[in-house]
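Hydrogens, waters and symmetry mates are skipped; everything else that's a heavy atom, side chains included, is used. Just so you know, residue 1 is the first one in the sequence shown, and it goes up from there.
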Amino acid sequence: MQSPTHPLQAGTLLAAELRLPTNALDYTILGIYFVVVLGIGFAARRSVRTSLDFFLSGRSLPAWITGLAFISANLGATEILGMAANSAQYGVYTVHWYWIGAIPAMVFLGLVMMPFYYGSKVRSVPEFLLLRFDKWAHLLSSILFAFAAVLIAGVNLYSLAIVVEALLGWPQWVAIVVAGFFVLAYITLGGLSSAIYNEVLQFFVILAALIPIAVVGLHRVGGWGGLTDSLDKSHGTDFTTAWGGTGIGSANPLGANWLTIVLGLGFVLSFGYWTTNFAEVQRALSAKNLSAAQRTPLIAAYPKIFIVFLVMIPGLVAAVLVPKIGTPGSDLQYNDAIPYLMQELLPNGVLGIAVTGLLAAFMAGMAANVSSFNTVFTTDIWAKYVVRGREDGYYVRFGRLITVIGVLASIGTAFLASSFSNIMSYLQTLFSFFNVPMFAVFIIGMFWKRASVKSGFWGLLTGTTAAMVNYFVLYKQDIVGFPSDQGANFVSAIVAFVAGGVVMVGVSLFTAPKPAPELEGLVYGTVSPGMAEPPAAGDDAWYRRPALLGWGAVILAAACYIPFSF
């Protein structure tokens with residue numbers, strides 16, 4: 001989940017003096033990577049024969065492929081730079097965005113929600129709302145998601161451009177156009193399969209970039225013991241703990257106490273993001289069967305537990321090596337943590353791998369949003385409300401066309417993003433606006449048969465509006481004081497969830513529910529025509545599958561135990 005806690009400031013993302021001493025070897029590594037990316041696109045093109053192949057890889061991929069793509073789609077470079085910056089500024093608090101703010105929701109998605117998504121044979125998250133509620137809930141969610149996907153893809157592109165400009169000296173527009181072209185090429189050629197296989201490659205490239213930075217940086221400051229001793233002296237003991245200073249009424253730099261962390265981040269924002277964000281769920285929907293679909297987020301959860309160390313340690317190391325980083329007396333911003341360590345610690349060759357890893361991370365984040373955008377726009381908007389009933393090949397061709405349009409729109413929003421001074425908070429604000437209200441609608445619709453047809457639309461509209469009012473009116477106009485942007489985002493998420501849920505219940509009490517036969521397989525405890533038993537009680541139920549349950553239990557135990565060990 002993207003960090004809401006630190007601004008990637010437009011125009012001042014990276015210090016000018018961080019230009020990397022790249023040479024021909026580094027550019028050769030970068031060139032090889034781009035050739036491989038296009039090669040995967042051409043190879044995947046041969047498997048695209050139907051719209052299902054283009055938008056969901058024919059539902060044919062094994063769990064380990066979809067699991068790695070699932071985590072890679074989330075591991076954008078905005079998160080890598082932002083989480084390292086967050087660690088340099090706030091310390092070990094960063095772990096909450098991984099162990100509290102991701103793992104439980106990923107396990108819930110795999111065990112509880114995937115049987116509904118996959119079993120209903122929907123092609124997208126908004127399409128599920130069409131089956132459970134009505135066309136108005138479906139259309140509103142489709143428009144909101146398509147809009148958000150283009151905005152988020154643009155943020156990834158803009159962030160890439162300012163990083164590449166600072167590190168390599170490329171003009172911003174060159175970086176935007178080059179990265180946009182490669183993403184456009186491999187998604188247009190091979191559809192989702194191309195995006196997913198490239199995301200698997202990108203996952204390993206990203207690890208190859210982060211591991212040397214973390215290991216060499218930790219060695220430079222005397223290991224973990226030397227790191228924590230130095231930070232305890234310079235920043236106080238709370239800086240190296242996960243829960244220090246988070247008591248209710250206590251002041252801390254994070255601007256949040258344990259209750260808002262657990263409810264705002266750990267439940268509302270986290271579950272809202274991981275269970276309804278189609279850029280992630282689409283990877284699980286492309287799995288070859290329900291078992292593989294359920295294991296997709298569980299497989300992704302394992303590296304998610306440990307990746308936090310690879311983004312947190314560089315930020316902590318930077319805070320030791322540059323004690324005044326991010327302060328008015330320093331030339332370096334918090335965002336400079338990883339680029340600074342790349343410049344200081346990595347030799348040529350390894351430096352090329354690190355730069356390639358950053359580019360791969362940006363492209364993975366953009367590709368995930370572009371591939372989900374073309375699916376939602378084609379199947380949920382165009383095919384259902386604009387041009388209906390055409391042959392399958394038409395929608396494949398249109399999917400490729402809308403991919404081009406989506407990438408061009410992302411390039412446009414990349415330049416638009418330059419007007420925002422707080423990109424990471426901007427991303428998290430988008431999640432509170434769009435994902436959290438959708439989660440409220442989903443969770444109530446899945447577990448309450450009485451939720452009426454009309455309640456989905458009004459719950460989604462009210463939740464989105466309430467979050468926007470809280471953020472733009474109450475917070476931005478200083479009507480209600482919040483200690484930080486992240487604190488305001490946590491509260492916006494809670495407000496969106498509660499407002500959407502309350503309106504859904506109220507509307508349901510005064511409007512008719514959907515007929516029981518039409519709820520089959522869409523509400524917990526009901527049977528669909530293709531199921532022998534409902535997801536709640538069938539042989540595929542998570543609590544009747546020891547292996548699946550064991551996976552989830554181990555992941556949850558680690559996610560719950562590790563934060564309290566700091």
Give me the atom names and distance for the closest heavy-atom approach of [X] to [Y].
X	Y	answer
Gly357	Val205	CA-CG1, 3.6 Å
Ala148	Phe434	CB-CD1, 3.4 Å
Leu522	Leu131	CD1-O, 3.3 Å
Val308	Val95	CG2-CA, 4.0 Å
Val441	Gly456	CG2-O, 3.7 Å

Counting distance only, does the side-chain N/O of [X] pair as donor-acceptor with the main-chain N or O of [Y] below 3.5 Å?
X	Y	answer
Thr188	Ala185	no
Gln294	Gly110	yes
Tyr471	Ser492	no
Tyr197	Ala43	no
Thr403	Gly399	yes
Trp99	Ile305	yes
Ser87	Gly315	no
Arg59	Asn289	no

Would you say the side chain of [Y] lies within less than 4.5 Å of the side chain of [X], judging by non-hydrogen atoms?
X	Y	value
Pro104	Trp274	no
Trp136	Leu140	no
Phe108	Thr275	yes
Leu298	Leu111	yes
Leu144	Ser141	no
Leu201	Asn198	yes
Phe457	Phe133	no
Val404	Leu408	yes

Can you name the salt bridge (Lys or Arg N to Asp or Glu O under 4.0 Å) partners of Glu280, sequence neighbours left out?
none

Could you state the interatomic distance from [atom1] ([X]) to [atom2] ([Y]), rounded to the nearest 0.5 Å?
X	Y	atom1	atom2	answer
Ser270	Tyr98	OG	OH	12.5 Å
Thr94	Met312	OG1	CE	7.0 Å
Phe497	Asn435	CZ	CG	13.5 Å
Phe145	Thr276	CZ	OG1	8.5 Å
Phe147	Phe433	CZ	CZ	11.0 Å
Asn369	Asn374	CG	CG	11.0 Å

For [X] and [Y], which I'm curious about, is there any donor-acceptor pair between the side chains at under 3.5 Å?
X	Y	answer
Asn74	Tyr273	yes
Ser124	Thr375	no
His96	Tyr90	no
Ser371	Arg283	yes
Tyr117	Gln282	no

Geometric cation-pi criterion, Arg132 with Phe116: 6.0 Å, 45°
no

Is atom CZ of Phe447 surrounded by more than 12 heavy atoms (other residues, nucleotides or ligands) closer than 6.0 Å?
yes

Are Phe128 and Phe442 near enough that their ring centres are under 6.0 Å apart?
yes

Which pairs, with at least one residue in residues 113-129 and sequence neighbours excluded, count as a salt bridge (charged side-chain N to carboxylate O under 4.0 Å, His left out)?
Glu127-Lys384

Quick one, Thr66 with Thr296, criterion side-chain hydrogen bond (donor to acceptor under 3.5 Å, both in side chains). Give me CA distance, side-chain angles, the key distance, then yes/no.
CA-CA 6 Å; Thr66 56; Thr296 293; 2.6 Å; yes

Run the side chain to side chain contact (heavy atoms under 4.5 Å, CB included) test on Asp134 and Leu130 for me, step by step, so that the C-alpha distance in whole Å, both residues' side-chain angles and the decisive distance to 0.1 Å come before the verdict.
CA-CA 5 Å; Asp134 62 6; Leu130 176 63; over 6 Å; no

